[in-house]
Structure formats: C-alpha cells, structure tokens
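Here's the structure we're looking at; comments come further down.
Note on naming: letters A, B, ... go to the chains in the order of the sequence lines (proteins, then strands), and numbering restarts at 1 for each one. None of the values given here were measured: they were computed from a predicted structure.
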Amino acid sequence: MGEYSSRKGINSRLPPEVNRILYVRNLPFKITSEELYEIFGKYGAIYQIRLGDRKDTRGTAFVVYEDIYDAKAAVDHLSGFNVGGRYLVLLYYQ
Amino acid sequence: IGGDLGKALSLEREMETRNRPWTDVALDAILPSEGYSILPPPSSYVPL
C-alpha cells in the first residue's frame, strides 16, 4: 500500500467541499491514459477518469477516486505538479 | 450516546456515506458525458 493511504486510520473530519471527484485543468493535450493513471494512481485506487476530447474541454479531466482520503492526498500533493511543462490545477468537483 | 462516542459514531457514519462505493449510474448523473470520454485503464494499471 502507498504510504499515503496509511493515514486513513485518522478519521479526522474532512471539510464538506472535499470529495472523491477531482476536476483537473491545464493538462497537456496529448496526455495518455497511462500517464494519467501513473500520476494519479500513486495516491490510491482510481474508479474512473474522463478526459476532455473536444476543443472546449481539451486539457481538462475528471479523476474519480474510490476513497475520499486518497482524493485529498492527491489534491494536497499534485496541485501545481508539472506535467509536460504545464502546472496542474486540481479542484474538488462540486 | 453522548460525548465523544456519539461524535465518533456520527463521524464514522458520515464518512461511510461520503465513501460509499461508486456506481456507474451515479457517476453518469454527476459527470458530463458530452465532451469527455472515459479512459480505459492501461493493462499495466494495478490499483493501490
């Protein structure tokens, strides 16, 4: 198990806006499924990824985690992460 | 059940609902399918 999931034991209360769906912006247009699962899979099991495939949605994606603590770990660690020369923007999807 | 035990239990219930297993139907209701395509996980992907 990744060391990030080890603190799942702490059932600290999570703020209401934290949830398991992350809206990601500023992705390189030619990012692949392998790269996305590699980057986001480090923080926990991924249920689904939807990648924008139109002019107005390209460079954005929805990453759905199985576990809310993993989603929070991903946001905490991947915000501003450099992928292909672009800095990732991660938001909890409301 | 008052005090800490009550709080812990209600917190656990809350986290259970916020962490309940996904269903495709529930997700389709939340996420746009127009303009987005669901990526097949790579064969090499092993969930943590």
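For B/Pro40, the part lying near chain A is the backbone, with the side chain staying farther off; criterion is any non-hydrogen pair under 4.5 Å. Heavy atoms of B/Ser43 lying under 4.5 Å from chain A are absent altogether. For a residue to count as touching a neighbouring chain, one of its non-hydrogen atoms must lie under 4.5 Å from one of that chain's; by this rule B/Glu34 touches chain A with backbone and side chain alike. With a 4.5 Å cut-off on non-hydrogen atoms, A/Asp53 touches chain B through its backbone and its side chain both.
Contacts with chain B were tallied for A/Gly41, A/Gly52, A/Ala61; A/Gly52 has the most, counting heavy-atom pairs under 4.5 Å. Of the listed residues B/Pro47, B/Ser44, B/Pro41, the one with more heavy-atom pairs under 4.5 angstrom with chain A than any other is B/Pro41. Between chain B and the residues A/Glu66, A/Arg58, A/Lys55, the largest count of heavy-atom pairs under 4.5 Å involves A/Glu66.
With rounding to the nearest 0.5 Å, the separation of CG in B/Leu39 from CD1 in A/Ile49 is 6.0 Å. Here the CZ-CD1 distance, from B/Arg20 to A/Ile68, works out to 10.0 Å after rounding to the nearest 0.5 Å.
The two atoms that bring A/Leu14 and B/Arg18 nearest to each other are O-NH1, 3.0 Å, heavy atoms only. Across every non-hydrogen atom of B/Leu31 and A/Ile21, the tightest pair is CD2-CG2, 3.9 Å. Taking each heavy atom of A/Tyr93 and B/Ile30 in turn, the nearest pair found is OH-O, 3.5 Å. Nearest approach of A/Arg50 to B/Tyr36, heavy atoms of both residues: O-CD2, 3.8 Å.
Checked by atom type and distance alone, the side chain of B/Tyr45 pairs as donor or acceptor with a backbone atom of A/Ile46 at under 3.5 Å.
For the pair A/Arg20 and B/Trp22, the minimum side-chain heavy-atom distance is below 4.5 Å. Residues A/Tyr47 and B/Asp24 have side chains in contact (heavy-atom distance under 4.5 Å, counting atoms from C-beta outward).
Residues from residues 29-38 of chain A that place a non-hydrogen atom less than 4.5 Å from a non-hydrogen atom of chain B comprise A/Ser33, A/Glu34, A/Leu36, A/Tyr37, given in numerical order.
In B/Asp4, the CG atom is not crowded: 12 or fewer heavy atoms of neighbouring residues, nucleotides or ligands sit closer than 6.0 Å.
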